[in-house]
**Student:** 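The structure under discussion is supplied below as structure tokens; questions concerning it will follow.
Read the numbers this way: they start at 1 and go in the same order the structure lists the ligands and their atoms.
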Amino acid sequence: MAIPTHRLGDGTTLPAIGFGTYPLTGEDGVAAIRSAIEVGYRLIDSAVNYGNEREVGEAIRQSGVPRQEIQVASKIPGRHHAYDEAIRSTHESLERLGLEYLDLHLVHWPNPSVDRYTEAWRALVDLREQGLVRSIGVSNFTAQHLHRIIDASGVTPSVNQVELHPYFPQTQMRAVHEELGIRTESWSPLGKRQAPFTEPPVATAAERHGVTPGQVILRWQVQLGSIPIPKSATPERQRQNLDVFGFELDDDEVAAITALGRADGRLFGGDPDTHEEM
Ligand SMILES: NC(=O)c1ccc[n+]([C@@H]2O[C@H](COP(=O)([O-])OP(=O)(O)OC[C@H]3O[C@@H](n4cnc5c(N)ncnc54)[C@H](OP(=O)(O)O)[C@@H]3O)[C@@H](O)[C@H]2O)c1
């Protein structure tokens, strides 16, 4: 089944679901990413900090799918926020990927104690003008961070990739994104190791629609209008996670899953600094 797409504020489109690649590396990583492309994912989420841009490039080449049919995303790490560093970082990403352009490039996190994310953002704006990056966005930005870069540059990020799963449904940030015209992307969309597969609203909906709990959660993401990027090293789960466009949750089911949100629902104690990725 064809994957629906979302039109971004900059006029480009992204698939309604993508594939997360952390922590897929080495030969097994290439095989897993190649499998994801073969089962139909067309948005691949990488980052400098995942140490797997070479693997992503290799998987694309091995898959035989034309490069222009795949959307490749990477991220500038917090240590590369100075303007020149951000430009250099992006050229190095392209070299590792073996690609001439990125479809989406994000500031991985604001790294607020260094406070140079506005420079990284200006670099992304210039890289887009140079054609090295098609769409630009951010990750783990709060409303305050978003307003600051928009005010400084006059350019609104096309995407903000944030932690979003049933225990942390990001109701406020989704409203901020809606108001600013930013597409939400969901990291750890299944809830990673705390996936709420056995929670009654998830398990009941799975039973009712004849799908798996993972498919219910990803369908909930799609109906929220956020782009989930589930990671799986397993071809069978990759296929299952992509197959969420043949059923629909009703409003009560969506609301009941959103209501699983809780104050301590964040996976990393609320501080991206403590996240192993960054
Ligand atoms: N921007 C950021 O700061 C940030 C932070 C974290 C993550 N990310 C991105 O988001 C992507 C996804 O997040 P994530 O990997 O943390 O979490 P996730 O996608 O929610 O969960 C991945 C885990 O769930 C398992 N899994 C996948 N599909 C399943 C299914 N259908 N049934 C049961 N288990 C399943 C996977 O195991 P198997 O592999 O064994 O199937 C893996 O252990 C990352 O790969 C990365 O690209 C971004």
**Student:** Can an N or O of P230 be found at a distance shorter than 3.5 Å from an N or O of ligand 1?
**Tutor:** no
**Student:** May I have the list of side-chain donor-acceptor pairs in residues 27-34 shorter than 3.5 Å, sequence neighbours left out?
**Tutor:**
residue	atom	partner	partner atom	Å
R34	NE	E38	OE2	2.7
R34	NH1	Q62	OE1	3.2
R34	NH2	E38	OE2	3.4

**Student:** Using the ring of Y83 (Phe, Tyr or Trp, six-membered ring only), decide whether R122 places NZ or CZ under 6.0 Å from its centre and within 45 degrees of its axis.
**Tutor:** no
**Student:** Is it the case that the side chain of R61 and the backbone of G64 share a donor-acceptor pair, with hydrogens and angles ignored and the cut-off at 3.5 Å?
**Tutor:** no
**Student:** So if I count the atoms of ligand 1 from 1 in the order they appear, which ones are less than 4.0 Å from some heavy atom of A233?
**Tutor:** 38 (P), 39 (O), 41 (O)
**Student:** Does F19 have a heavy atom less than 4.0 Å from any atom of ligand 1?
**Tutor:** no
**Student:** Heavy atoms, side chains only, cut-off 4.5 Å: are P230 and I17 in contact?
**Tutor:** yes
**Student:** Please check: side-chain N/O of D10 versus main-chain N/O of S158, any donor-acceptor pairing under 3.5 Å?
**Tutor:** no
**Student:** Quick one: list whatever passes salt bridge (charged side-chain N to carboxylate O under 4.0 Å, His left out) with E85, sequence neighbours left out.
**Tutor:** R88
**Student:** Would you say the side chain of P189 lies within less than 4.5 Å of the side chain of I217, judging by non-hydrogen atoms?
**Tutor:** no
**Student:** Any atoms of ligand 1 less than 4.0 Å from a non-hydrogen atom of Q240? List them with their elements.
**Tutor:** 31 (N)
**Student:** K75 to ligand 1: N or O pair under 3.5 Å?
**Tutor:** no
**Student:** When you compare the side chain of R96 with that of V56, does any pair of heavy atoms fall below 4.5 Å?
**Tutor:** no
**Student:** Give a yes/no verdict on whether any heavy atom in F197 is under 4.0 Å from an atom of ligand 1.
**Tutor:** yes
**Student:** Mind checking whether K231 contacts ligand 1 via backbone (N, CA, C, O), side chain (CB onward), both or neither, at a 4.0 Å heavy-atom cut-off?
**Tutor:** both
**Student:** With the threshold set at under 4.0 angstrom, would you say G214 reaches ligand 1 through any of its heavy atoms?
**Tutor:** no
**Student:** Find all atoms of ligand 1 within a distance of less than 4.0 Å from any non-hydrogen atom belonging to S188, and give their numbers and elements.
**Tutor:** 10 (O), 12 (C), 13 (O), 14 (P), 16 (O), 17 (O), 18 (P), 20 (O)
**Student:** What I want to know is whether P189 and ligand 1 share at least one N or O pair that is separated by under 3.5 angstrom.
**Tutor:** yes
**Student:** Measure from the side-chain N and O atoms of D103 to the backbone N and O of V72, and report whether any donor-acceptor pair falls under 3.5 Å.
**Tutor:** yes
**Student:** Under 4.0 angstrom from ligand 1, any heavy atom of H108?
**Tutor:** yes
**Student:** Atom 47 (O) of ligand 1: which of D45, L106, I217 has the nearest heavy atom?
**Tutor:** D45
**Student:** Suppose I only count heavy atoms of N140 and a 4.0 Å limit; which atoms of ligand 1 are within that range?
**Tutor:** 1 (N), 2 (C), 3 (O)
**Student:** Using a strict 4.0 Å cut-off to heavy atoms of G191, name the atoms of ligand 1 that fall inside it.
**Tutor:** 20 (O)
**Student:** Using heavy-atom distances, let me know which of R237, Q215, R193 sits nearest atom 25 (C) of ligand 1.
**Tutor:** R237
**Student:** Is R128 reaching over with its side chain to a backbone N or O of I136, donor-acceptor style, under 3.5 angstrom?
**Tutor:** no
